[in-house]
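A short worksheet on the structure shown next.
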There are 2 protein chains.
Amino acid sequence: MELSIAEENYLKALFHLTIEQKNSKAGTNQLAEYLGVSPASANAMLKRLREKELVKYERYGKLELSASGSKIAIDMIRRHRLWESFLYTHLNFGWDEIHEVAEQLEHIHSAKLISQLESFLGFPEYDPHGDAIPKADGKYKPAIKKTLASMPLGSKVRIVAVKDSSVAFLRYLNSLGLMLSSEIELKERREFDQSIQIRYEGKEVNVSQKFAENVYVSG
Amino acid sequence: MELSIAEENYLKALFHLTIEQKNSKAGTNQLAEYLGVSPASANAMLKRLREKELVKYERYGKLELSASGSKIAIDMIRRHRLWESFLYTHLNFGWDEIHEVAEQLEHIHSAKLISQLESFLGFPEYDPHGDAIPKADGKYKPAIKKTLASMPLGSKVRIVAVKDSSVAFLRYLNSLGLMLSSEIELKERREFDQSIQIRYEGKEVNVSQKFAENVYVSG
DNA sequence: CTATAGTGTTAGCTTCGTCTAACTTTATAT
DNA sequence: ATATAAAGTTAGACGAAGCTAACACTATAG
Ligand SMILES: [Mn+2]
Ligand SMILES: [Mn+2]
Ligand SMILES: [Mn+2]
Ligand SMILES: [Mn+2]
């Protein structure tokens, strides 16, 4: 079955809204909002996708991907994250620049292209944002992620991923001199607003609770 | 100006039909034929492209790209050939497999992507088919190409490019064990049908005049 | 239980890029 | 010079994907 780029993007959006942030029962409006289209457009597309048996959905009901729909979405995510890895490790792209270009590259299907790219990159398990890269068979281990906000004072941690991967947030990280695998020490937590004083590369910086909840760390 | 993939493909086709194989005055039907669409479709698109001042064309007149239209086409060819080089030199693609995938990749515009790719590849001058890769400013030197058919008997030559880059022809070359930079010796020319006996890697093979006219050689 | 807010659907319109069928203009061959 | 062939255009239709405005169903709060 030959899918359009629009159809593919809807499937990936549905994957993120249902399976990925688990047990959330997404509706037409959320989907439309997520993709920046009108609810009417999303509704029309849902009918087309149901016709192709990629999504399970009945009038006024909740949205769900079919098995084949979700396989397609996982393949897209695989391509997306492999390209992000390539851009980051070989083409000098910044952490905050890769997503946008990968949004385009992910729509190129050639199986040989992707398997060769994967091998060229040395079969990476995670992309530059710390997200797991699905294998060709669709299997992948979702990394166990703890937020910076959840760590005890005094602990030394390493950034492994971000929850909010918006350009705005990634740029903010960059401007602080933080990036994937930066080492951070938690110095102090201010009870007043739950902001946290962190130390890294000699610097001490205060970050908000919201910030700390959007940074995933290990260790 | 934001162009659709269809619009881009028309511009590239026009470039190949007019500027590249020079002084041929292409018409609506050739364009349609080349792209595999109906003459009516090509006609409709030509009107849209004229509206955007990318093509010069009046009813029943001959087709010509404007300066901006031809700049866009050259940029596409630059992207196409850089990707072909990447697929060939880093992802183990065969000579006959790269074109199809590059047809997709060429539509991704990110300037950083292309300049970084070019630098990653070491600023190649020619793609794996021996065609010149335009620089970012649009400049490129069209290689002087002699056909295998035009060479004198006894000469030893090297394949630098092919005129017909259809998948069928490239596969045929592959099946003969020929590829870019293969060394060939011209053994005999049969006046009856202008076919040529060639020798390479120990083998002797007879190839048609048509074949020999579609292989470019140096030396 | 009902009023209302929120969510989802329909109807009807638009643009893009394609098609076929019919028509017009230009080129060619006798 | 004219008849025919070839090339090019127009008219009208269609599917994909989007929109707005109006309507319908569902959920929630009094
Ligand atoms: Mn991404
Ligand atoms: Mn996408
Ligand atoms: Mn090519
Ligand atoms: Mn193309």
Side-chain angles (χ1 to χ4, degrees), chain A residues 1-14 16-18 21 23-65 69 72-73 76 103-104 106-107 109, chain B residues 1-14 16-18 21 23-65 69 72-73 76 103-104 106-107 109:
Chain A
M1 194 178 1
E2 193 76 348
L3 296 184
S4 70
I5 288 178
E7 288 171 319
E8 288 194 343
N9 284 337
Y10 274 93
L11 291 179
K12 196 167 69 126
L14 278 166
H16 284 132
L17 291 176
T18 58
Q21 43 204 71
N23 85 36
S24 104
K25 58 237 147 47
T28 306
N29 283 11
Q30 276 135 87
L31 179 60
E33 158 90 12
Y34 184 87
L35 286 167
V37 299
S38 72
S41 300
N43 180 265
M45 180 59 93
L46 284 169
K47 286 177 183 170
R48 285 192 290 269
L49 294 175
R50 177 181 50 194
E51 209 50 45
K52 299 184 176 184
E53 300 188 80
L54 297 169
V55 72
K56 289 173 309 199
Y57 143 79
E58 55 211 36
R59 255 167 129 246
Y60 298 106
K62 283 307 165 189
L63 305 179
E64 209 182 333
L65 283 171
I72 289 168
M76 292 181 68
E103 282 293 305
Q104 317 256 137
E106 74 187 4
H107 296 289
H109 280 263
Chain B
M1 190 178 2
E2 192 77 347
L3 296 184
S4 70
I5 287 176
E7 288 170 320
E8 288 194 345
N9 284 337
Y10 275 93
L11 290 179
K12 195 167 68 124
L14 279 166
H16 284 131
L17 292 176
T18 57
Q21 43 204 73
N23 84 35
S24 104
K25 57 238 148 49
T28 306
N29 283 10
Q30 275 138 87
L31 179 60
E33 157 91 11
Y34 184 88
L35 286 167
V37 299
S38 71
S41 301
N43 179 265
M45 181 59 92
L46 285 169
K47 287 177 182 171
R48 285 193 289 270
L49 294 175
R50 176 182 50 194
E51 208 51 43
K52 298 185 177 185
E53 300 188 78
L54 297 169
V55 71
K56 290 179 293 201
Y57 142 79
E58 55 210 35
R59 255 168 127 246
Y60 299 106
K62 283 306 167 192
L63 306 178
E64 210 182 332
L65 283 172
I72 289 169
M76 292 181 67
E103 283 293 303
Q104 317 257 135
E106 74 188 3
H107 297 289
H109 280 261

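Just so it is clear, the structure is predicted and the values come from calculations on it, not from any experiment. All chains are named by letter (A, B, ...) in the order of the sequence lines, taking the proteins before the strands, and each is independently numbered beginning at 1.
When the shell of 6.0 Å around CD of E33(B) is examined, it contains 12 or fewer heavy atoms from other residues, nucleotides or ligands.
Rounded to whole Å, atom P of dG8(D) lies 7 Å from atom CD of Q30(B). The CD-C1' distance, from E51(B) to dT15(C), rounds to 14 Å in whole Å. When rounded to the nearest whole Å, the span between CG of N29(B) and P of dT25(C) equals 17 Å. Summarising the geometry, the separation between NZ on K25(B) and P on dA7(D) is reported as 11 Å, rounded to the nearest angstrom. Separating the CD atom of E58(B) from the P atom of dT9(D) is a distance of 11 Å, rounded to the nearest angstrom. Rounded to a whole Å, the CG atom of L49(B) is 17 Å from the P atom of dT15(C). Atom-to-atom, CG of L31(A) to P of dG8(C) comes out at 10 Å; the value is rounded to the nearest Å.
Here the side chains of V37(B) and M45(B) are not in contact, with every heavy-atom distance at 4.5 Å or above. In this structure, L17(B) and L63(B) have side chains that are not in contact, with every pair of non-hydrogen atoms separated by 4.5 Å or more.
Closest non-hydrogen pair, L65(B) versus K56(B), comes out as O-CE, 4.1 Å.
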Heavy atoms under 4.0 Å is the rule here; annotate nucleotides 10-26 of chain D 5' to 3' with B where the base is hit, S where only the sugar-phosphate is, and - elsewhere.
-> B------BSBB----S-
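A search for side-chain hydrogen bond (donor to acceptor under 3.5 Å, both in side chains) contacts involving Q30(B) returns nothing, not counting sequence neighbours.
Judged by distance alone, the side chains of N43(B) and Y57(B) do bring a donor and an acceptor atom under 3.5 Å apart.
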